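Taking it in order: structure first as structure tokens, then the write-up.
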Amino acid sequence: MNWEKVLNSLEEGILIIKSSRVIFANRFLVENQLIREDWKDKNYYEALKSLALISIIGKASDNQGFFSEEFQHMERFYRVKPKKADDFTLFDIQDVSFLRKYEFSRKEFVDNASHELRTPISVIKGVLETLLGEEEDDRKRRFLEKALNRVNQMQNLVEDLLTLTKLESGREKLNISEFSLQDLVDDIYEDLEEEFIKKEVHFENLVESSFKITADKDKLYLLLRNLIDNGVKYNKKGGKVWVSSRREKGEYVIEVGDTGIGIPPEHIPFIFERFYRVDKGRSREVGGTGLGLSIAKHIVLSHRGEIKVHSELGKGSRFIVRIPLLS
């Protein structure tokens with residue numbers, strides 16, 4: 001069987017390079033104008049038409065080819081997966097335009113729906129608060145308080161959806177400044193103090209007064225508030241939540257730990273996904289939207305950092321945030 005004929009029949013791109021020279025490029029790459037028709041025996045940076053793809057191929061040389069990356073060329077989106085074999089590097093290039101357009105449509109729908117829900121929820125909340133303030137019958141007040149609690153949960157969900165949509169779209173610009181992390185953590189605790197008292201959970205701010213961080217203050221507030229809020233909500237009576245920080249190899253490292261219920265290991269890979277709940281019943285009980293950790297992840301990514309979790313079931317969790325130092 002002629003292997004070139006087989007590769008040319010594929011609905012994805014196949015590019016083979018050896019020592020910077022193009023050894024093979026299938027018809028898919030030519031038809032989608034990713035490579036010149038006269039590509040044979042040319043260096044890849046001469047043969048390819050996409051600067052983004054040229055950059056990815058250059059990166060593959062530095063990373064031994066073990067990664068996956070997406071790029072846009074003209075109006076289409078592609079995913080590249082390099083594979084090394086001796087002196088050859090094979091690039092599998094798939095058209096993922098449909099997935100990206102679907103994702104964009106989904107996010108646009110959520111954004112529009114959230115905006116449309118904002119006003120009626122505010123009106124309903126206002127009416128319930130007025131009725132509750134005027135009602136004297138205890139039984140009716142309990143019903144109104146339950147209704148108001150549900151409306152507050154819906155309002156929190158809408159606000160979280162709007163925040164997440166903005167973060168995912170990249171429309172949110174960072175407002176970078178230097179500030180005291182200890183003061184920021186104190187402000188968050190003050191905001192959540194009532195919850196700590198109600199749950200009988202102790203809080204420790206272990207950040208030193210001299211520790212300054214350069215980041216978007218409002219977004220870091222939201223990030224740490226979500227982590228600390230989870231720490232107290234999913235904790236035990238007499239438990240503890242703490243925040244610590246350090247500088248390490250050109251990074252700010254912030255840790256939020258708790259002595260709570262912990263996360264089962266099979267759930268850890270998915271906890272940063274939107275609407276993912278480890279315990280759906282408990283999450284609804286404490287008023288969670290299922291978006292807090294997804295928001296936290298995107299705030300960290302917007303700072304070009306990373307967030308990881310170490311957790312032991314029944315003993316607690318530690319969320320570790322790493323953000324590069326800004327020069």
Side-chain angles (χ1 to χ4, degrees), residues 107 109-167 172 183-203 205 217-241 243 256 258 260-261 271 273-296 298-299:
K107 288 175 182 175
F109 168 76
V110 170
D111 193 19
N112 291 337
S114 301
H115 276 291
E116 292 298 322
L117 285 169
R118 221 175 187 178
T119 301
I121 287 174
S122 296
V123 171
I124 294 169
K125 182 178 178 179
V127 170
L128 287 172
E129 286 174 339
T130 301
L131 290 172
L132 185 61
E134 295 175 352
E135 185 58 61
E136 295 180 357
D137 184 276
D138 287 342
R139 182 170 169 274
K140 290 179 180 178
R141 284 185 64 85
R142 284 196 298 272
F143 280 120
L144 288 170
E145 284 169 355
K146 279 186 178 180
L148 186 58
N149 184 47
R150 292 299 183 189
V151 169
N152 283 331
Q153 288 179 2
M154 284 188 67
Q155 190 172 46
N156 291 338
L157 176 61
V158 168
E159 293 302 324
D160 280 355
L161 277 170
L162 288 169
T163 299
L164 185 57
T165 302
K166 287 177 184 176
L167 287 167
E172 286 279 272
D183 290 347
L184 186 76
V185 173
D186 282 341
D187 289 343
I188 295 170
Y189 174 67
E190 188 177 322
D191 190 26
L192 297 172
E193 187 174 10
E194 190 176 319
E195 185 74 17
F196 275 91
I197 293 170
K198 185 172 73 175
K199 295 278 291 188
E200 297 183 44
V201 173
H202 178 63
F203 180 73
N205 184 355
K217 188 175 181 179
D218 291 339
K219 287 185 176 58
L220 202 68
Y221 182 97
L222 181 57
L223 159 67
L224 294 178
R225 190 189 188 285
N226 280 334
L227 296 180
I228 295 169
D229 189 36
N230 279 353
V232 64
K233 279 180 177 174
Y234 298 98
N235 219 310
K236 299 165 284 193
K237 183 179 178 180
K240 184 171 72 173
V241 177
V243 180
V256 179
D258 65 68
I261 59 176
I271 60 169
E273 294 180 8
R274 56 164 64 196
F275 295 119
Y276 192 84
R277 292 181 171 97
V278 174
D279 184 339
K280 293 179 182 179
R282 186 180 176 97
S283 184
R284 279 193 292 268
E285 182 186 320
V286 299
T289 64
L291 294 171
L293 290 180
S294 187
I295 289 171
H298 280 88
I299 290 173

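Computed from a prediction, not measured in an experiment: that's the story for all the values here. For this chain, numbers begin at 1 and follow the sequence in order.
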Taking all non-hydrogen atoms of both residues, which atom of V151 and which atom of I124 are closest, and how far apart?
CG2-CG2, 3.8 Å

Rounded to the nearest 0.5 Å, the CG atom of L131 sits from the NZ atom of K140 at a distance of 10.5 Å

Look up atom CD in E134 and atom CD in E136, then write down how far apart they are to the nearest 0.5 Å.
10.0 Å

Rounded to the nearest 0.5 Å, how far does NZ of K233 lie from CG of L192?
8.5 Å

A quick test of your reading: do over 12 heavy atoms of other residues, nucleotides or ligands sit less than 6.0 Å from CD of E145?
yes

Answer yes or no: does atom NZ of K219 have more than 12 heavy-atom neighbours from other residues, nucleotides or ligands under 6.0 Å?
yes

For A296 and L227, which heavy atoms make the closest approach, and how far apart are they?
CB-CD2, 4.4 Å

Please give me the minimum heavy-atom distance between E135 and R141, naming the atom from each residue.
O-NH1, 3.1 Å

Can you measure from CZ (R225) to CG (N230) and round to the nearest 0.5 angstrom?
10.5 Å

Over all heavy atoms of both residues, which pair between V201 and K236 is shortest? Give the atoms and the distance, please.
CG2-O, 3.7 Å

Tightest non-hydrogen contact, residues K240 and N235, listed as O-ND2, 3.2 Å

So CG of D186 and CD of E193: to nearest 0.5 Å the spacing works out to 10.5 Å

Which class fits the ring pair F196 and F203: parallel under 30°, tilted 30 to 60°, perpendicular over 60°?
perpendicular

Considering all heavy atoms of both residues, which atom of I299 and which atom of L223 are nearest to each other, and what is their separation?
CD1-N, 3.8 Å

Which value, rounded to the nearest 0.5 Å, describes the distance between N205 atom CG and I228 atom CD1?
8.0 Å

